Structures are given as structure tokens and as C-alpha cells.
2 protein chains.
Amino acid sequence: MNIGDASKASGVSAKMIRYYERIGLIPQAGRSLSGYRVYTEGEVNTLRFVHRAREFGFPIERIRRLVSLWQGKQPSREVKRVAMEHVAELERRIAELTDMRMALQQLADACVGDHQPDCPILNDLEHHAPAGGLAAGSMMASAGRARSPIAGAAARRS
Amino acid sequence: MNIGDASKASGVSAKMIRYYERIGLIPQAGRSLSGYRVYTEGEVNTLRFVHRAREFGFPIERIRRLVSLWQGKQPSREVKRVAMEHVAELERRIAELTDMRMALQQLADACVGDHQPDCPILNDLEHHAPAGGLAAGSMMASAGRARSPIAGAAARRS
DNA sequence: ATGGCGCTTCCCATCGTGGGAAGGTCAAGG
DNA sequence: CCTTGACCTTCCCACGATGGGAAGCGCCAT
């Protein structure tokens with residue numbers, strides 16, 4: 001099977017298959033006489049595994065560990081641990097975005113949105129002090145602070 | 001004021017100030033005789049504006065529009081529209097991440113996590129069909145499908 | 001004048017993905 | 001046999017926003 005068929009069968013683009021091979025996420029594929037990459041069903045299966053893991057948002061390095069655990073028939077405890085690490089990461093990112101969304105929504109709610117240039121959104125952007133060490137609640141708009149248990153997670157966008 | 005002080009006063013790193021100037025998000029700063037960038041209070045204020053907008057997760061191109069609306073004293077309707085576009089974008093990303101989190105959490109819940117290599121997480125990764133056009137509910141784990149109003153938003157990660 | 005800090009420009013890396021150029025291969029049909 | 005088109009190869013570039021670091025110069029205090 002050539003790379004095009006492997007791509008269709010796995011859902012991974014040919015470009016990404018070559019990339020995954022280059023960074024060592026998947027082993028180097030065999031080659032035909034003319035230098036074309038050749039794939040077996042088993043290799044396509046690995047590509048499907050990687051593709052599905054990407055759909056879950058796993059970063060490449062974590063997928064590397066997952067593939068290793070999978071191929072090595074390791075205890076499911078390890079797999080679960082890696083998965084839960086990723087769940088925690090997802091929750092962290094969800095919390096950040098939720099903080100932003102809530103704060104911005106509050107400002108937008110307070111903005112009448114007419115022909116006048118006066119606008120609470122611009123006022124916040126213009127007058128908010130740069131985070132000077134004190135982080136708690138700094139993301140929240142003035143009205144209705146600390147209503148969420150996940151407030152203050154912004155600005156740690158890594 | 002030199003770039004270091006402007007950085008401290010605005011919360012934007014010197015590196016990023018130069019970057020913003022290079023891409024034209026902020027106008028070119030004046031220069032001292034020796035070539036140092038020199039900033040006025042007004043320019044620092046613009047930097048603060050940009051910094052705060054970044055904290056809200058606004059991408060640079062949207063900040064460009066916001067700055068323009070702000071400087072041009074445009075009707076708040078326009079500002080609100082840009083802000084709500086960003087809220088929609090945030091909600092889209094939150095929905096994607098939430099889908100991933102839920103699906104993965106379900107698989108992890110179904111994983112006993114002992115010394116046995118058998119694991120629902122790996123089973124899903126290994127046997128899930130590559131998205132072949134039919135997208136609805138494809139992200140959901142087998143148990144408890146379609147329990148969320150925002151299911152099926154994954155794999156549109158850009 | 002010397003040391004230390006700040007400023008300058010320039011290049012590189014991240015992370016995952018796509019685009020495209022330049023060139024080789026293969027199969028089908030004239 | 002030759003052309004055509006679809007496929008494959010490698011190599012380079014781009015994204016978005018940010019940081020790291022090198023090489024070289026300016027500024028100020030001791």
C-alpha cells in the first residue's frame with residue numbers, strides 16, 4: 001500500500017505521515033524499489049491510533065508514550081494515568097477560556113452598543129492595570145467578581 | 001522612556017513590543033540619538049490596551065481592529081460586534097475541548113486501571129474508524145452518547 | 001576606563017499543519 | 001513507443017505568538 005492509500009485508510013494526511021516518521025513517532029516505513037513508502041495493515045492501524053489520539057487533543061509527546069504503552073502491552077494503570085494527565089490539561093485550558101469568555105461577556109453585556117463611542121469594553125482594555133503580581137480575580141470585570149470556582153486562571157496561557 | 005520601562009509599565013515584554021511594532025500593530029516608536037526606542041505615556045497606554053486584549057485571548061488581527069476602533073472613536077456597536085465575535089470563537093474552542101474531555105473521561109471511567117493491559121482507552125484509539133464523512137457523534141465514547149448539546153464539535157480544530 | 005546593564009538587530013525554536021516547487025514513477029490510452 | 005495525468009519523493013516556507021541567545025554598541029557609576 002502506498003502513502004496515499006494509507007492516508008485514506010487512516011485519516012492521517014500524507015504530509016503528516018511523513019512528519020510522524022521524521023520525528024520518530026512511527027517507525028520508518030519500508031520502501032519499494034523506486035523509493036515509495038510501503039505500508040502494511042499493521043502500520044495503517046498505528047496511524048489510525050495516532051489519528052484518534054490527535055482527535056482527543058493529545059500532544060505528540062503524550063501520544064508517543066501511549067503508542068509505547070499500547071505496543072508494549074503495559075498495564076492499563078499507566079494508560080489511564082497518561083489519559084488523566086491529558087484530561088487535567090484539557091480542564092486547565094477550558095478554565096482559562098471560560099474565564100476569558102465570562103469576563104468579556106460581562107463587559108459586552110454592559111455595552112449598550114449604539115452609535116456612541118463610549119464603551120465599557122474599551123474602557124477595560126484602556127484602563128486595566130498590567131498584572132503587577134496580584135493575580136486573584138484580575139481577569140474578572142468589575143461587576144460580579146468571583147462568581148466562578150475557576151476564576152483567575154487566565155494570563156497563564158504558558 | 002526606554003523600551004525596558006515601557007515594558008514594565010505596560011506588562012508587554014520588550015521582545016513583544018518590537019514584534020508588535022514590526023508587524024505594524026503599533027506605530028514605529030521614536031528613536032533617541034543613539035537609536036534607542038523612546039516611548040511616551042500615550043504609547044505606553046496603547047501597549048497596555050494591547051496587553052489587556054491579549055489577556056482576553058484576542059488574536060493580533062482582531063486587536064488591530066480594536067485599536068483602530070478605539071483610536072478612531074468609532075461607535076461602540078462596532079466594538080461590541082468584534083468582542084462578540086471573539087466570544088463566539090472562545091465558545092467554539094471551549095466546546096471542542098469539552099467534547100474531548102468528556103469522551104476521554106468516559107473512557108477513563110470505564111478503564112479499571114490495574115495491572116492488566118486490557119484498556120477501553122487503547123481499544124478506542126485502536127479501533128475507532130477514521131472520520132469518513134459522517135461526523136455526528138463521532139467523538140463520543142460508546143457509552144452515553146449524545147448526552148451533551150455540544151457533541152460532535154471536535155476534529156474541527158482549526 | 002572599566003564593568004555591568006540595557007539597547008540594537010538577527011537568527012533559531014516552539015507545535016502541528018498545510019502549501020508548493022522541482023523532479024522521479026507508474027499505469028493507461030493513443 | 002510516447003504522452004498524459006496521477007502519484008510519489010525531498011526540500012523549503014508559512015502560520016501565531018513567544019522566548020532564547022549571540023554579537024555589537026550605548027550609557028552610567030565607580
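Within every chain, numbering begins at 1; the chains are lettered A, B, ... in the order of the sequence lines, protein sequences first and strands thereafter. For clarity, every value in this text was computed on a predicted model and none was experimentally measured.
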Can you name the atoms? Protein N/O to nucleotides 20-22 of chain D N/O, anything below 3.5 Å, with the distance.
unit_1	atom_1	unit_2	atom_2	d
D:dG20	N7	B:Lys15	NZ	3.3
D:dG20	O6	B:Lys15	NZ	3.1
D:dG21	O6	B:Lys15	NZ	2.4

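Here the C1' atom of nucleotide D:dA17 and the CZ atom of B:Phe56 are 19 Å apart, to the nearest Å. Separating the CD1 atom of B:Ile17 from the C1' atom of C:dG6 is a distance of 13 Å, rounded to the nearest angstrom. With rounding to whole Å, B:Leu47 atom CG is found 16 Å from D:dA17 atom P. Taking atom CG of residue A:Asp5 and atom C1' of nucleotide D:dC8, one finds them 12 Å apart after rounding to whole Å. Here the C1' atom of nucleotide C:dG19 and the CE atom of A:Met16 are 14 Å apart, to the nearest Å. For the pair B:Tyr19 OH and C:dC11 C1', the computed distance is 16 Å after rounding to whole Å.
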(Q) Before you tell me yes or no, could you show the steps for B:Glu96 and B:Arg93 under salt bridge (charged side-chain N to carboxylate O under 4.0 Å, His left out), namely the whole-Å CA-CA distance, both residues' side-chain angles and the distance that decides it to 0.1 Å? (A) CA-CA 5 Å; B:Glu96 284 179 10; B:Arg93 282 155 61 189; over 6 Å; no
(Q) Between A:Glu61 and A:Arg64, is the salt bridge (charged side-chain N to carboxylate O under 4.0 Å, His left out) condition met? List the steps. (A) CA-CA 5 Å; A:Glu61 288 313 307; A:Arg64 211 185 282 273; 3.0 Å; yes
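B:Phe58 comes within contact range of no nucleotide atom at all, as no heavy-atom separation falls under 4.0 Å.
Considering only side-chain atoms of A:Ile3, the nucleotide from D:dT18, D:dT10, D:dC8 that sits closest is D:dC8. Listed nucleotides: D:dT18, D:dC8, C:dT8. Nearest to the side chain of A:Asn2: D:dC8. Picking from C:dC7, D:dA17, D:dT10 the nucleotide with the shortest atom distance to the side chain of A:Arg18 gives D:dT10. The side chain of B:Tyr20 has D:dT18 as its nearest neighbour among D:dT18, C:dC7, D:dC8. Relative to the side chain of A:Arg31, the nucleotides D:dA17, C:dT8, D:dT9 differ in distance, and D:dT9 lies closest.
Taking 4.5 Å as the limit, some side-chain heavy atom of B:Ser76 sits within range of a side-chain heavy atom of A:Asp114. Looking at A:Asp118 and A:Val112, their side chains never come closer than 4.5 Å, going by heavy atoms from C-beta outward. Looking at heavy atoms from C-beta onward, A:Ile17 lies in side-chain contact with A:Ile26 at the 4.5 angstrom threshold. The shortest distance between side-chain heavy atoms of A:Leu90 and A:Phe56 does not fall below 4.5 Å.
Residue pairs meeting the side chain to side chain donor-acceptor pair (under 3.5 Å) criterion with at least one member in residues 16-26 of chain B, sequence neighbours excluded: B:Glu21-B:Arg37. Listed by first and then second residue, the ring pair (Phe, Tyr, Trp, His ring centres under 6.0 Å) pairs involving residues 86-121 of chain A are A:Phe58-A:His86 (not counting sequence neighbours).
B:Arg101 meets the side-chain hydrogen bond (donor to acceptor under 3.5 Å, both in side chains) test with A:Glu91; sequence neighbours excluded. Under the side-chain contact (heavy atoms from CB on, under 4.5 Å) criterion, A:Val38 pairs with A:Ser32, sequence neighbours left out. For B:Glu43, there are no salt bridge (charged side-chain N to carboxylate O under 4.0 Å, His left out) partners two or more places apart in sequence or in a different chain. In this view, A:Glu41 satisfies the salt bridge (charged side-chain N to carboxylate O under 4.0 Å, His left out) rule with no residue, not counting sequence neighbours.
Comparing the axis of the opening five pairs of the helix from C:dA1-D:dT30 to C:dG30-D:dC1 with that of the closing five pairs yields an angle of 40°, rounded to 10°.
Phosphate contact (OP1/OP2 of D:dC8, side-chain N/O of A:Arg37, threshold under 4.0 Å): absent. Side-chain N/O atoms of B:Arg22 include none lying less than 4.0 angstrom from OP1 or OP2 on C:dT8.
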Could you give the side-chain donor-acceptor pairs of residues 3-12 of chain A under 3.5 Å, partners two or more places apart or in another chain?
unit_1	atom_1	unit_2	atom_2	d
A:Ser7	OG	A:Val12	O	2.7
A:Ser10	OG	A:Ala6	O	2.7
A:Ser10	OG	A:Ser7	O	3.4
A:Ser10	OG	A:Val12	N	3.2

Show me the donor-acceptor pairs within less than 3.5 Å that the side chains of residues 65-72 of chain A make with the rest of the protein, sequence neighbours left out.
unit_1	atom_1	unit_2	atom_2	d
A:Arg65	NH2	A:Glu85	OE1	3.1
A:Trp70	NE1	B:Glu126	OE1	3.0

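Contact check of residues 59-68 of chain B against DNA chain D (heavy atom, cut-off under 4.0 Å) returns B:Pro59, B:Ile60.
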Q.
Walk along nucleotides 23-28 of chain C from 5' to 3' and tag each nucleotide B, S or - by protein heavy-atom contact under 4.0 Å, base first, then sugar-phosphate.
A. -BBS--
